[in-house]
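Below is one structure, written out as structure tokens, with a few remarks after it.
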Amino acid sequence: MTTTMFSIIKRLFKSKPKINESYVTATTSFHFVAELPQMHTQFQETFRMFPDFVSRELVVKKVTYGVFYLSNLVDSDLLIEEILNRLLEIEDVPSPEKLVNLIPIGQRLLDDNWYPLQQRILQGWTYIHISGYPYGILANTAKRRERALTKPENESQILGPQIAFTENMETNVALIHQYLPNPDLCEIALIKGENTTQTNIRIVYLSNRADLEMVTHIYNSIEALQLEAILDATILAQWLEDNPSSFFPQMITTERVDRAIFPLLEGKVVITVSGSPHVIICPNTFFDFFKSIEDYYFRWATGLFFRNLRIVGIAISLFATATYVAALTYHYEIIPQALLVPLAQSRARVPFPPIVEALIMEMIIQLLSEAGARLPSKVGQTMGIVGGIVIGQAAVQAGFTSNILIIIVALSALSSFTTPVFGMANAIRIIRFPIILSAGIMGGLGIAVSVALLILHLLRQSSLGQPYFYPPYTIEDKNKRDGLIRVPYQLIPKRSVFANTGENTLKGNKDIDE
């Protein structure tokens, strides 16, 4: 009995499902013809797997029109008012050229390439074919489905505009133009992806401030990509990075409109991607990731304090736990005498060496943080707070760790999230582990070696061909920029280091290939 059941299951796994060959779409056999019945047959054959595909025939003044569209993607009111009603009002026999003028939303299709037509219909366009002509027109009847403009959810702040980008690229570009009504604001449109998965991309810049070579480099980098599809701006940013193997992000993605406007004024470039609620700001330096747009809304002294507080927080996040491990393993002499007794009492029941103890607590903190981010917001906040308290208290009572290490690890985790850019915060969370290992192996020398290697790594990085670890200040006036110190507005330079110097300005009507 067992052998028989096993043989049956084995045959089921080896057998291949039978596929009806009639369901396989052969788009290569599509041909534009003048006869409407043949066009109707080809459309039905191509879109037979789409239940919402509609193929209609209208006879007006002895002229037969074919209307083809996907009902779930088109705006029914626009289709009826601007196409069907217009066709019923036509008196004479029109040609596709004349019909374009009668339907103001139309776009004439003249070539015999099937893929653009299929792509447009899948995006909500309507194809109108006049019997007797081997081509027709395409009309944009797509129904716009997008969420309303809301407050930023992941980059909240007190001051400044409370509006975020959406998944609609046209809306995002319109927001940029609304907040920056400058005639020098230019766009370069690109389409990437295969014929059936094309994604619209816009490169936005100020022609009187952006550097010609920098914009050309960005355009060529995007144009050279051979991608099947681009689903989000964060994916495109990874493809454009000069050093994708580095933990440090080289581009900033933001959902805030004002955070995209300030870099444009500095001479940087903003890239928008259709379907993504984020835009890409490039190029960037290492210190740009520690500047918050809210620093400019506060008074300069307040902005200076918070900006440097974040820098101190990053230093605590990187080196606090490593210093604890190095001090308890190799350098007892650096511990203040008043802390020796409480520290010894706290570690009396801990069976692990300092490096193992630190790694266990760091891993627990990271697990709590990741679990809180993946759970629903209300449950995640409760789990993060309660879980941290319960696990920390239980770990101390069980003798797995000391009270002082819990304080240090919690402070390090809290300090890592003071970075305004979430991608940089994740990089700091990861880099903390090799620094702790170096401290446990070589003590203070290991920390020094880690810092040296970290600086060398940053010096080797670049952002779209521009230096990544550019110094915050230089002597030359043209390269002065707002760095780690938030100065009053009267002293802030108007251009960043990436802006043009007045010699190579990219005009809006200039061919980017030149």
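Predicted, not measured: the structure shown is a model, and the values here were computed from it.
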>> Which heavy atom of Leu190 sits nearest to which heavy atom of Glu223, and what is that distance?
In response: CD2-OE1, 3.2 Å

> Going through the distances and angles, do Val279 and Val204 end up as a side chain to side chain contact (heavy atoms under 4.5 Å, CB included)?
Replying inline: CA-CA 10 Å; Val279 301; Val204 185; over 6 Å; no

> Are side-chain heavy atoms of Ile364 and Val409 found at a separation under 4.5 Å?
Replying inline: no

>> Within this structure, what is the CD-CD distance for the pair Gln466 and Glu213, rounded to the nearest 0.5 Å?
In response: 9.0 Å

> Does any pair with a residue in residues 329-362 pass ring pair (Phe, Tyr, Trp, His ring centres under 6.0 Å), and if so which ones, sequence neighbours excluded?
Replying inline: Phe352-Phe400

> Is a side-chain donor or acceptor of Asp242 paired with a backbone partner of Gly465 at a separation under 3.5 angstrom?
Replying inline: yes

> Taking everything shown except Ile334 itself, do over 12 heavy atoms lie less than 6.0 Å from its CD1?
Replying inline: yes

> Between the main-chain N or O of Thr285 and the side-chain N or O of Asp288, is there a donor-acceptor pair closer than 3.5 Å?
Replying inline: yes

>> Quick one, Val273 and Asp232 - any side-chain contact, counting heavy atoms below 4.5 Å?
In response: no

>> Please find the pair of heavy atoms, one from Met361 and one from Ile406, that lie closest to each other, and give the distance.
In response: CE-CG1, 3.9 Å

> Is the backbone N or O of Gln461 less than 3.5 Å from a side-chain atom of Gln250, with the two atoms forming a donor-acceptor pair by type?
Replying inline: no

> Can you name the closest pair of heavy atoms from Tyr468 and Pro249 and give their distance?
Replying inline: OH-O, 2.8 Å

> In Å, rounded to the nearest 0.5 Å, how long is the span from CG of Leu318 to CD1 of Ile435?
Replying inline: 5.0 Å

> Is Ile293 close to Tyr296 at the side-chain level, that is, under 4.5 Å between some pair of heavy atoms?
Replying inline: yes

> Can you list the steps and then say if Glu155 with Phe422 is a side chain to side chain contact (heavy atoms under 4.5 Å, CB included)?
Replying inline: CA-CA 9 Å; Glu155 299 179 60; Phe422 187 68; over 6 Å; no

>> Evaluate Asn168 against Thr166 for side chain to side chain donor-acceptor pair (under 3.5 Å), listing each step before the verdict.
In response: CA-CA 5 Å; Asn168 189 282; Thr166 67; 5.6 Å; no

>> Please find the pair of heavy atoms, one from Cys186 and one from Ser207, that lie closest to each other, and give the distance.
In response: SG-CB, 3.8 Å

> Can you tell me how far the CG atom of Asn284 sits from the CD1 atom of Ile252, to the nearest 0.5 Å?
Replying inline: 4.0 Å

> Any side-chain heavy atom of Ile281 sitting closer than 4.5 Å to one from Phe262?
Replying inline: no

>> Are the side chains of Leu437 and Val325 in contact, using a 4.5 Å heavy-atom criterion?
In response: no

> How far apart are the closest heavy atoms of Asn243 and Ser462, and which atoms are they?
Replying inline: ND2-N, 3.3 Å

>> Return the CG to OG1 distance between Leu405 and Thr321, rounded to the nearest 0.5 Å.
In response: 6.5 Å

>> Donor-acceptor pair, distance only, cut-off 3.5 Å: does the side chain of Asn140 make one with the backbone of Trp125?
In response: no

> Between Glu255 and Asn154, is there a donor-acceptor pair closer than 3.5 Å when you use the side chain of the first and the backbone of the second?
Replying inline: yes

> Yes or no on side chain to side chain contact (heavy atoms under 4.5 Å, CB included) for Cys282 and Ile218, after CA distance, side-chain angles and deciding distance?
Replying inline: CA-CA 9 Å; Cys282 57; Ile218 295 173; 3.8 Å; yes

>> Treating Tyr297 as the side-chain partner and Gly303 as the backbone partner, does any N or O pair qualify as donor plus acceptor under 3.5 Å?
In response: no

> Mind checking what makes side-chain hydrogen bond (donor to acceptor under 3.5 Å, both in side chains) contact with His177, not counting sequence neighbours?
Replying inline: Glu187

> Hey, are the side chains of Leu265 and Leu180 touching, using non-hydrogen atoms and a 4.5 Å cut-off?
Replying inline: yes

>> Before you tell me yes or no, could you show the steps for Thr272 and Asn200 under side chain to side chain contact (heavy atoms under 4.5 Å, CB included), namely the whole-Å CA-CA distance, both residues' side-chain angles and the distance that decides it to 0.1 Å?
In response: CA-CA 8 Å; Thr272 63; Asn200 293 315; over 6 Å; no

> Once you round to the nearest 0.5 Å, how far does CG of Leu264 lie from CD of Glu266?
Replying inline: 9.5 Å

>> Apply side chain to side chain donor-acceptor pair (under 3.5 Å) to residues Ser246 and His457 and explain how you reach the verdict.
In response: CA-CA 9 Å; Ser246 175; His457 175 74; 2.8 Å; yes

>> Within the 4.5 Å heavy-atom criterion, are Phe165 and Ile176 side-chain neighbours or not?
In response: yes

> What's the spacing between Leu73 CG and Ile121 CD1 if we round to 0.5 Å?
Replying inline: 10.5 Å

> Is it true that a side-chain atom of Lys192 and a backbone atom of Leu225 form a donor plus acceptor pair closer than 3.5 Å?
Replying inline: yes

> Are side-chain heavy atoms of Met363 and Leu359 found at a separation under 4.5 Å?
Replying inline: no

> Do Arg202 side-chain atoms and Met169 backbone N/O form a donor-acceptor pair below 3.5 Å?
Replying inline: no

> Does any N or O in the side chain of Ser292 come within less than 3.5 Å of the main-chain N or O of Pro420, such that one atom is a donor and the other an acceptor?
Replying inline: no

> Under the criterion side-chain contact (heavy atoms from CB on, under 4.5 Å), which of Leu343, Ile407, Thr329 is the partner of Tyr324?
Replying inline: Leu343

>> Please find the pair of heavy atoms, one from Thr199 and one from Ser274, that lie closest to each other, and give the distance.
In response: CG2-OG, 3.3 Å

> Judged by atom type as modelled, is there a donor-acceptor pair below 3.5 Å linking the side chain of Ser412 to the main-chain atoms of Ile408?
Replying inline: yes

>> Is the positively charged end of Arg259 above the ring of Tyr179, judged by distance under 6.0 angstrom from the centroid and angle within 45° of the axis?
In response: no

> Any chance CD of Gln337 has more than 12 other-residue heavy atoms, nucleotides or ligands included, within less than 6.0 Å?
Replying inline: no

